[in-house]
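Note that ligands are numbered from 1 as they come in the structure, with each ligand's atoms numbered from 1 the same way. Every value quoted in this text rests on a predicted model; they were computed, and no experiment measured them.
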Amino acid sequence: MPDDDVSRRSRFNPRLVRVEGGRDARRLLEELGADETGVAIMSGKMQHVVVSMENVQARAASIIKQVMLSKGGECAVPRDTLLKDTEPVRVLMMGTESQFRGAVRNLGLQPFGLAALSREFKGFLEGTFGGSGTPRSMDARGFTLELGARTLVMGVVNVTPDSFSNGGRFFELEAAVRRARQMVEAGADIIDIGGESTRPGADPVDLEEERRRTVPLIESIADVGVPVSIDTYKAELARDALDAGASIVNDVSGLRFDPDMIPLLAERGCPVVIMHMQGVPRNMQENPVYDDVVADVARFLRERASAAVEGGVRPDRIMIDPGIGFGKTLEHNLEIMRRLEELVFLGYPLVLGTSRKSFIGRVLDLPADRRVLGTAATVAYAISRGVDVVRVHDVEEMIQVARMADAMNKGGVDPGSDPIERGLTPK
Ligand code: HH2
């Protein structure tokens with residue numbers, strides 16, 4: 001077709017352009033040739049987002065609505081807000097980054113708890129528009145985890161006779177060491193060692209047995225070249241694991257079960273994965289109930305992260321995880337997946353463990369050992385939503401999935417399996 005025909009039929013080529021976060025916004029403006037100041041000013045105006053806030057006094061909600069309107073945004077409040085006084089309501093604030101930043105300054109000067117709300121909101125804006133998606137590094141006792149530039153793959157080695165997916169197979173130390181080394185060779189960035197199954201209905205294992213299963217393995221792979229995490233909620237075991245060479249604690253209880261865990265983390269300065277679970281493994285699947293599963297999980301993770309920080313854990317050593325399958329129905333798990341970005345926006349690196357889990361089995365009607373493709377779908381999807389670390393059993397396969405998803409999502413091609421090139425730099 002001659003060029004003239006093209007320009008007559010679609011001279012202006014109108015298109016919706018994709019703006020997902022500040023990085024997209026700045027790239028678009030720079031490509032356009034906007035000047036530097038323009039890029040700084042306009043990138044904050046390119047994305048319209050909705051922020052939910054809970055427990056706002058009704059009279060304060062009315063002020064938020066006025067302030068947001070004065071900035072050119074909006075704020076939805078429940079119908080009877082004007083008739084209420086101090087009762088708590090939820091609000092939905094709508095606007096661009098610059099409208100929110102303008103509103104936050106104004107709200108800080110207002111009564112009815114708005115100064116406190118403004119402070120929390122300001123921190124939230126930094127996490128949302130400043131932090132998530134941008135590369136950052138995390139110190140892991142002699143290793144540096146480079147987060148954000150590409151997705152890190154955490155390989156699972158369960159030394160348990162009863163794990164739902166690979167129980168028994170790596171029960172022997174030698175087999176477990178071999179598997180961990182294979183995973184690292186394949187490109188795993190972290191090895192996660194667990195000595196107690198947390199599958200639904202599982203019985204707790206006594207400390208001595210858990211120690212016997214995990215500590216010799218950690219000692220045997222201490223030289224493996226990537227950080228090892230210990231999957232435990234028991235501070236005493238975590239301490240022994242750290243002494244044996246582990247660098248990260250992965251606590252599925254979200255630092256709730258053992259009061260000694262936060263002090264230990266603060267003392268050792270190691271990174272922690274704070275995971276959400278409703279109930280305990282023995283009863284967690286009996287009748288999980290949430291008001292709004294994503295809001296409830298977000299509130300929990302935020303609260304537990306704050307408790308850790310108050311106890312002396314550095315905020316830049318905290319990762320969070322929604323705990324797929326831990327006290328959640330099929331619908332809850334799917335809802336969390338669909339709305340993963342809401343957790344990314346909390347500002348902490350997000351870890352996700354979907355590997356071979358029963359929600360995949362329920363959708364595909366397949367047993368655990370045939371859920372690799374289902375797992376691949378969840379990994380690719382989660383990466384497109386902004387997850388930082390995927391916890392998987394099928395490391396070889398999921399590394400391919402992650403590399404491909406990263407190439408599309410984050411741009412740039414991963415240079416290969418060299419640990420330094422992969423962003424995992426031993427100090
Ligand atoms: N899932 C399991 C165990 N630990 N840790 C984090 N951070 N996230 C998870 O989703 C997660 C976890 C359960 O899976 P698995 O280890 O395969 O099974 P089991 O607990 O039966 O050994």
Side-chain angles (χ1 to χ4, degrees), residues 145 152-171 176 179-180 183 189-205 209-210 213-214 217 227-234 237-238 241 246 248-257 261 271-282 284-285 297 300-301 304-305 318-328 332-333 336-337 340 343 348-361 367-369 371-372 374-375 378-379 382 387-395 398:
L145 297 175
L152 301 188
V153 173
M154 177 191 260
V156 182
V157 179
N158 284 322
V159 218
T160 52
D162 56 345
S163 284
F164 78 93
S165 64
N166 61 2
R169 283 186 34 215
F170 302 117
F171 199 38
R179 182 61 187 135
M183 286 179 174
D189 301 288
I190 303 168
I191 297 295
D192 189 43
I193 309 277
E196 176 182 345
S197 174
T198 44
R199 79 186 144 69
D203 284 324
V205 173
E209 174 63 12
E210 204 176 341
R213 292 176 182 180
T214 55
L217 172 58
V228 169
S229 74
I230 175 71
D231 186 344
T232 188
Y233 50 82
K234 296 169 191 153
L237 185 79
I248 301 171
V249 174
N250 174 21
D251 185 338
V252 297
S253 84
L255 309 175
R256 276 179 311 146
F257 289 178
M261 191 60 112
V272 60
V273 180
I274 297 178
M275 198 197 79
H276 172 272
M277 166 178 9
Q278 190 175 87
V280 293
R282 192 198 283 277
M284 66 189 178
Q285 289 306 102
V297 167
F300 172 95
L301 292 173
R304 297 315 300 152
I318 294 175
M319 296 177 264
I320 56 171
D321 181 331
I324 293 291
F326 285 84
K328 290 151 188 114
H332 292 144
N333 290 315
I336 290 171
M337 291 299 292
L340 266 185
L343 302 175
Y348 293 101
L350 188 66
V351 179
L352 188 75
T354 55
S355 186
R356 303 184 188 173
K357 284 196 174 157
S358 68
F359 82 117
I360 298 172
D369 62 353
R371 296 177 190 161
V372 182
T375 302
T378 63
V379 167
V387 81
D388 293 284
V389 182
V390 289
R391 180 185 180 276
V392 296
H393 303 88
D394 304 288
V395 165
M398 295 316 136

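Judged by distance alone, with hydrogens and angles left aside, the side-chain atoms of Thr375 form a donor-acceptor pair with the main-chain N or O of Arg356 at under 3.5 Å. In this structure, Gln285 contributes its side chain and Lys328 its backbone to a donor-acceptor pair below 3.5 Å. In this structure a side-chain-to-backbone donor-acceptor pair under 3.5 Å is present from Asn333 to Gly325. A donor-acceptor pair under 3.5 Å links the side-chain atoms of Ser355 to the main chain of His393, judged by distance alone.
Test Val389, Asp388, Asp189, Ile248 against Leu145 for side-chain contact (heavy atoms from CB on, under 4.5 Å) and you get one pass: Ile248.
Residue contacts with ligand 1 for Val252 involve side-chain atoms from C-beta outward but no N, CA, C or O (heavy atoms, distance under 4.0 Å). Contact annotation: for Met275 versus ligand 1, heavy atoms closer than 4.0 Å belong to the side chain alone.
Which parts of ligand 1 touch Gly353 is read off a 4.0 Å heavy-atom cut-off, strictly below it: atoms 10 (O). For ligand 1, the atoms sitting less than 4.0 Å from at least one non-hydrogen atom of Asn158 are 15 (P), 16 (O), 17 (O), 18 (O), 22 (O), numbered in the order shown with element in parentheses. With ligand atoms numbered from 1 in the order given, ligand 1 contributes 7 (N) to contacts under 4.0 Å with heavy atoms of Val273.
Between atom 7 (N) of ligand 1 and the options Asp192, Thr160, Asn250, the minimum heavy-atom separation is to Asn250. Taking each of Arg199, Arg391, His393 in turn, the one with a heavy atom nearest to atom 14 (O) of ligand 1 proves to be Arg391.
Looking at Arg304 and His276, their side chains never come closer than 4.5 Å, going by heavy atoms from C-beta outward.
The CZ atom of Phe300 sits 8.0 Å away from the CE atom of Met277 when rounded to the nearest 0.5 Å.
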Verdict with reasoning, Asp231 to Arg391, per salt bridge (charged side-chain N to carboxylate O under 4.0 Å, His left out):
CA-CA 11 Å; Asp231 186 344; Arg391 180 185 180 276; 3.3 Å; yes
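Ligand 1 does not have Arg356 within reach: every non-hydrogen atom of the residue lies 4.0 Å or more from it.
Close N/O approach between Glu196 and ligand 1 is not found [any backbone or side-chain N/O within under 3.5 Å]. An N or O contact shorter than 3.5 Å links Asp231 to ligand 1 by distance. Residue-to-ligand polar distances place Asp321 within reach of ligand 1: an N/O pair is separated by less than 3.5 Å.
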